[in-house]
Amino acid sequence: MTFLPVEEQLQQIRRGTEEVIPQEELISKLEGSAKSGKPLTVKLGCDPSRPDLHLGHSVVLRKLRQFQDLGHQAVLIVGDFTGMIGDASGRSKTRPALSMAETRQHGATYFEQASKVLNPEKMQILYNSEWLGAMGFEDVVKLAMKTTVARMLHRDDFAARRARDEPIGLHELLYPLAQAQDSVSIRADIELGGTDQKFNLLMGRTIQKATGQAPQVCITLPILEGLDGTEKMSKSLGNYVGLAEPPESIYGKLLSIPDRLIYRYFELASDAGQKDLAALGQMTQEDPRNAKHLLAATIVKMYHGLEAAKRARCHFERTVIRKEAPKDVPTFTPTLLEGSRIGLLTLLTQAGLTSSNGQARRMVQQGAVRLDAKRVTDSRRVIDLAQEAPLMVRVGKRRFARITW
RNA sequence: GGGCAGGUACCCAAGCGGUCAACGGGGGCAGACUGUAAAUCUGCUGGCUAAGCCUUCGGAGGUUCGAAUCCUUCCCUGCCCA
């Protein structure tokens, strides 16, 4: 195997990273692999508790992809075992633990989604239950001897929870150790992660050293802000763009980001090269509206292709800008007890447009309900389907149904 | 094991015998506005056969005409002591 010159690899690797710890070791590892012709083992742990990958995850995944393209060995560790612990890194609460079966299943979903970014041909996937599950109590104790409680409690989310008198499960302290054991087991040369993973990544170094291995280089990547522009992108905050989402949804969500995030997204989540970025920065300043459309199209294209990107734009213009009904409105046929008449509220709830009659009533009162584009204000309105169907019902801006009978 | 402080709707958090479906904030939803699904402003935010009724304030009992509020007990969390 021949690699690009070290200097060139280094430049690519460093692009878009937050920290490389320590830089010199990365250089010597690259030099070593260039000499021996052996690729470096680059590890990325994935948390199978939330198999919905989003743009935030793609930042790290794209970095791993880069290593693949440079000829190194990508190793994806599915945390089927650690998923049972549930890490709270960067979060403020204990995570719900999963069963092994769930965690396995999620792992498969994870891989499927990650393949949108990674090169699945050149990847090794390992489940950490393979080695963690085989450890006995004695092994765990010995592993735990390699660090101290004080050090563990230094991790900022633990410290924060202690400061707020919130619970920390004892098992949670084991999480960084388990993740570190993964690095030992696969003899990782490099481990990637978001900046919120820094502590766990460094623990890998500590434990590798303690077991006589060369410590891994830790590379952290920036955390992508979510659609709200302040919190980190995460599923639980609902401010995310999922990699598996339909094109229209990705497009729409991206258009809702605050303008100051446009460049950031290009930088961290798109394929834009260094040269493009300069131009895009300019464009973001001068014409944020089009820059944002371009961003949305670029990202939809990455995951769904050019055609989908065009369709998504049309859909957006049609539904959001011109406020028209989308092309494909689901059809619904209400179930009637007798006759052809149905109360409006019942109809809305039956069609799944509102979650209860009460909510339907509120929607009507707020002027959110339209029948064939005409606003309805009477919540006692009764519809005679024999007369009025087919009927286009709309609640709010985005919920539509075509009523037939 | 002992002492203390807590557990309220999606989240945070008031309420501490009736006027409580429960203040306030966040989030969510809707309306107006907008290049936008952003920002801003306004409203709504348990369910129902709907001016009435039903279920809800950690669980189970109890006191009372009446309990989120008082008592008993159990469960859970944090802090201090051991």
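Just so we're on the same page: letters track the sequence lines, and every chain starts at 1.
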Measure distances between side-chain N and O atoms of Lys323(A) and base N and O atoms of U34(B), and say whether any donor-acceptor pair falls under 3.5 Å.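 Counting by modelled atom types and ignoring angles, a donor-acceptor contact under 3.5 Å is found here.
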
Counting distance alone, no hydrogens or angles: does the base of G31(B) have a donor or acceptor under 3.5 Å from a partner atom on the side chain of Gln366(A)?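 Answer is no: no donor-acceptor pair is held.
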
How about Phe3(A) and His72(A): are their ring centres within less than 6.0 Å of each other?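 Between Phe3(A) and His72(A), the centre distance is under 6.0 Å.
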
Work out how far the [atom1] atom of [N] is from that of [M], and round it to whole angstrom.
N	M	atom1	value
G26(B)	A13(B)	P	15 Å
A67(B)	U55(B)	P	12 Å
U64(B)	G58(B)	P	23 Å
U45(B)	A9(B)	C1'	11 Å
C70(B)	G15(B)	C1'	15 Å
A14(B)	G66(B)	P	30 Å
G43(B)	C23(B)	P	15 Å
C33(B)	A21(B)	C1'	33 Å

Whole-Å distance separating the [atom1] atom of [X] from the [atom2] atom of [N]:
X	N	atom1	atom2	answer
Asn239(A)	C11(B)	CG	C1'	15 Å
Ile262(A)	U36(B)	CD1	C1'	10 Å
Gln365(A)	U45(B)	CD	P	9 Å
Lys397(A)	C29(B)	NZ	P	10 Å
Leu170(A)	U77(B)	CG	C1'	16 Å
Asp228(A)	U40(B)	CG	P	12 Å
Glu166(A)	A5(B)	CD	C1'	15 Å
Leu348(A)	A30(B)	CG	C1'	13 Å

Are a donor atom and an acceptor atom from the side chains of [X] and [Y] found within less than 3.5 Å of each other?
X	Y	result
Thr206(A)	Arg151(A)	yes
Thr298(A)	Ser270(A)	no
Asn200(A)	Gln179(A)	yes
Gln216(A)	Ser183(A)	yes

Just wondering, more than 12 heavy atoms not from [X] lying within 6.0 Å of its [atom1]?
X	atom1	answer
Arg187(A)	CZ	no
Gln11(A)	CD	no
Arg162(A)	CZ	no
Lys198(A)	NZ	no
Lys301(A)	NZ	no

Does [N] have a Watson-Crick or wobble mate here (both distances under 3.5 Å), and if so which one?
N	answer
U34(B)	none
G1(B)	C81(B)
G6(B)	C76(B)
C65(B)	G18(B)
U56(B)	none
A50(B)	none

Salt bridge or not between Arg380(A) and Asp378(A)? Use side-chain N to carboxylate O under 4.0 Å.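 Salt bridge flag = no for Asp378(A) with Arg380(A).
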
Charged N-O contact under 4.0 Å between Arg62(A) and Glu267(A):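 No, this pair does not count.
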
Heavy atoms only, 4.0 Å cut-off, all strands: where does Glu248(A) land among base, sugar-phosphate and nothing?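 Touches a base.
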
Whether Arg155(A) engages the ring of Phe158(A) as a cation-pi pair (distance to the six-membered ring centre under 6.0 angstrom, angle to the ring normal within 45°) should be assessed.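 Because its charged atom sits under 6.0 Å from the ring centre and within 45° of the axis, Arg155(A) does stack over Phe158(A).
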
Counting only side-chain nitrogens and oxygens, does Arg161(A) get under 4.0 Å of the OP1 or OP2 atom of G78(B)?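 Arg161(A) to G78(B) OP1/OP2: no side-chain N or O under 4.0 Å.
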
Beyond-backbone contact of Asp189(A) with Gln73(A), side-chain heavy atoms, under 4.5 angstrom: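 Answer no - side chains too far apart.
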
Pairwise 5' ranking along RNA chain B for Pro288(A) and Val369(A), keeping only the more 5' one: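 Mapping each residue to its closest nucleotide by heavy atoms, the 5'-most match is Val369(A).
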
Polar-atom pairs under 3.5 Å, protein N or O versus N or O of nucleotides 46-50 of chain B: list them with distances, or write none.
residue, atom, partner, partner atom, Å
G47(B), OP1, Ser356(A), OG, 2.7
G47(B), OP2, Arg362(A), NH2, 2.6
C48(B), OP1, Asn357(A), N, 3.0
C48(B), OP2, Asn357(A), N, 3.3
C48(B), OP2, Gly358(A), N, 2.9
U49(B), OP2, Asn357(A), ND2, 2.6
A50(B), N6, Gly358(A), N, 3.4
A50(B), N1, Arg361(A), NE, 2.8

Pull out every residue in residues 372-388 of chain A that has a heavy atom closer than 4.0 Å to any atom of RNA chain B, ordered by number, or say none.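 Listed by number, they are Arg375(A).
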
Please list, by residue number, the residues of residues 249-260 of chain A whose heavy atoms come closer than 4.0 Å to an atom of RNA chain B; answer none if no residue qualifies.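 Here the set is Gly252(A), Leu255(A), Ser256(A), Asp259(A).
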
Candidate nucleotides G78(B), C29(B), U36(B), ranked by approach to the side chain of Pro167(A) - the nearest: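 Comparing G78(B), C29(B), U36(B) against the side chain of Pro167(A), the answer is G78(B).
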
